[in-house]
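Let me begin by presenting the structure, written as structure tokens, before commenting on it.
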Amino acid sequence: MDTIYALATASGKAGVAVIRISGGLAFEAGRRLCRDLPRGRGLRRIVDGQGDLIDEALVLTFDKGRSFTGEEVVELQLHGSPAIIAAVLSELSGFDGLRLAEAGEFTRRALENGRLDLAQVEGLADLIDAETEAQRKQALRVFQGALGDKVIAWRERLVRAAALVEATIDFVDEDVPVDVMPEVTELLRGVQTEMQTEAEGVRIAERIRDGFEVAIVGSPNVGKSTLLNRLAGREAAITSEIAGTTRDVIEVRMDLGGLPVTVLDTAGLRETDDVVEGLGIELARKRAEAADLVIYMLDIGEDISQHFDNDTLIVRAKQDQFNGSEIGVSGKTGAGIDRLVALIEERLVAKTARVGVAMRERHRIALLRGCEALDTAIALVDSETGMTDLIAEEIRTAARATESLTGRVDVEDLLDVIFSSFCIGK
């Protein structure tokens, strides 16, 4: 396998630039660059092929099996000059057996060498892209192996259940000391419940990763755009006393309580003969119906004219002109904005209570496929028809579904469990 190298930090001027080299020739390349390669870390002079100084850098070395990729790795922490970076990369390009890494290739090697599982790779990608505290925490849990730990626990129980069932098939003529099916049922139901819970939490995990949507709706000229500008802290939407000013959906992304949130300013809800405004109103309704939270703004003395099935927060506009007990805001003075933001955060945080560590549609599909197989296995057990071979196959199907979450599939452990932990032999 080729030895690869790449700039690991952003291009351009910086205090420090990091170049990483990974593969079987990494140490040799490091010695050619600094002549005396340190064990662990050390300051070294980086020179070119003629021995001329390029830079003085902190050089770190990682033995095979102890690096991110699992290979020999040399890391050069250089001064962040574009000229220095170009000179070092140019030297590396001239070494036989080395090539510039492709996008994501260091992480791919970590996966291939067993340093990361597939879910951890996904978590790392999300961690790099994280913009809010909730995104960081969620991605970090997955990157640290939380989903992989669950898969291991599920797998152990499924392997145990399959081993019990396999034993009744392979040793049908032997005296099995106990009826194993009650334990099999308990194991399968427990795993199924946990997998179902994880599957249900994927939608919320996706929202944490991609962002919640909060739609501001209400009649024309009620102050929706003014409220959006107050929340955004800038003039994101045009405000006017002329009804129908907002025709399209205006989106502003922000961080509320550590959660990524896109606030939508929509066209005023009313009957109109204007074709363009009518299209904007229809779009407003559709976006509001798909939003995680609707802020329905009502003018003084106004009643709700449109009902939405999703979570809705009723807010009175122009709080500076009324003294009611309802939630109210004033886009002009800012009164009530802090309370409204707190309520929005409270509603959205409550939605995250069901989130687990499965966070992608791929995860949800695999979990549901596993649950379906366990449904079938449990039904076969309950039917007492003795179709143990079919039960065992459904359990194996469920195990493969869970293992697809992390990209690891190994069915050979069944034999180890049968012969080492189940007391049936002579």
Side-chain angles (χ1 to χ4, degrees), residues 8-10 14 103-104 107 116 118-150 197-217 224-225 227-237 249-266 287-288 290-295 310-313 315 327 329 331 334 336-364 405:
T9 47
T107 303
L116 298 176
L118 187 57
Q120 287 177 296
V121 170
E122 292 169 327
L124 176 58
D126 289 338
L127 186 60
I128 292 171
D129 291 336
E131 298 177 342
T132 71
E133 184 66 4
Q135 289 174 326
R136 182 191 69 80
K137 288 181 177 179
Q138 175 173 273
L140 192 59
R141 286 199 304 272
V142 179
F143 178 56
Q144 290 180 328
L147 183 55
D149 291 342
K150 282 184 177 288
T197 299
E198 280 295 329
E200 291 171 355
V202 168
R203 296 298 191 195
I204 298 300
E206 286 181 325
R207 282 308 202 193
I208 292 176
R209 187 179 72 247
D210 300 331
F212 290 92
E213 285 196 350
V214 175
I216 306 174
V217 303
K224 300 184 299 298
S225 297
L227 175 60
L228 176 72
N229 292 340
R230 275 285 181 177
L231 292 173
R234 60 185 175 86
E235 294 295 317
V249 175
I250 299 172
E251 303 182 5
V252 175
R253 191 170 176 89
M254 59 187 69
D255 181 337
L256 293 181
L259 295 172
V261 178
T262 299
V263 181
L264 312 175
D265 178 22
T266 62
R287 293 298 298 271
D292 301 285
L293 177 65
V294 173
I295 300 176
N310 42 358
D311 194 4
T312 302
L313 191 60
V315 178
I327 302 169
V329 296
I337 296 293
D338 289 344
R339 183 187 178 198
L340 176 59
V341 169
L343 288 171
I344 294 172
E345 292 179 5
E346 182 181 311
R347 294 284 184 96
L348 296 181
V349 168
K351 294 178 184 295
T352 67
R354 302 192 318 275
V355 71
V357 290
M359 53 192 293
R360 294 177 180 268
E361 181 65 10
R362 178 184 75 83
H363 300 164
R364 191 182 72 86
L405 295 170

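Here the structure is a predicted model, which is why all the values come from computation and not from measurement.
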Practice prompt. With sequence neighbours excluded, tell me which residues meet side-chain contact (heavy atoms from CB on, under 4.5 Å) with Asp311.
Written response: Leu293, Arg347, Lys351
Fill in: Which atom of Gly123 lies closest to which atom of Ala139, heavy atoms considered
O-CB, 3.6 Å
Discussion item. Among residues at least two apart in sequence or on other chains, which ones pass side chain to side chain donor-acceptor pair (under 3.5 Å) with Glu206?
Written reply: none
Worksheet item: Can you name the side-chain contact (heavy atoms from CB on, under 4.5 Å) partners of Leu256, sequence neighbours left out?
Response: Met254, Val261, Val341, Ile344, Glu345
Discussion item. Can you confirm whether the side chains of Glu122 and His363 place a donor and an acceptor under 3.5 Å from each other?
Written reply: yes
Worksheet entry | Pair listing, salt bridge (Lys or Arg N to Asp or Glu O under 4.0 Å) test, anchored in residues 130-147, at least two apart | Glu131-Arg253, Glu133-Arg136
Worksheet item: Got a donor-acceptor contact below 3.5 angstrom from the Gln138 side chain to the Gln135 backbone?
Response: no
Discussion item. If I compare all heavy atoms of Pro260 with all of Ile208, which pair ends up nearest, and what's the gap?
Written reply: CG-O, 3.1 Å
Could you pull out every donor-acceptor pair under 3.5 Å between side chains of residues 143-150 and any protein atom, sequence neighbours left out?
none

Worksheet item: Listed by chain and number, what are the side-chain contact (heavy atoms from CB on, under 4.5 Å) partners of Ala8, not counting sequence neighbours?
Response: Val18, Arg20
Discussion item. Under the rule for salt bridge (Lys or Arg N to Asp or Glu O under 4.0 Å), what residues qualify as partners of Glu361, not counting sequence neighbours?
Written reply: Arg203, Arg364
Worksheet item: Are any of the side-chain heavy atoms of Leu348 and Val214 separated by less than 4.5 Å?
Response: yes
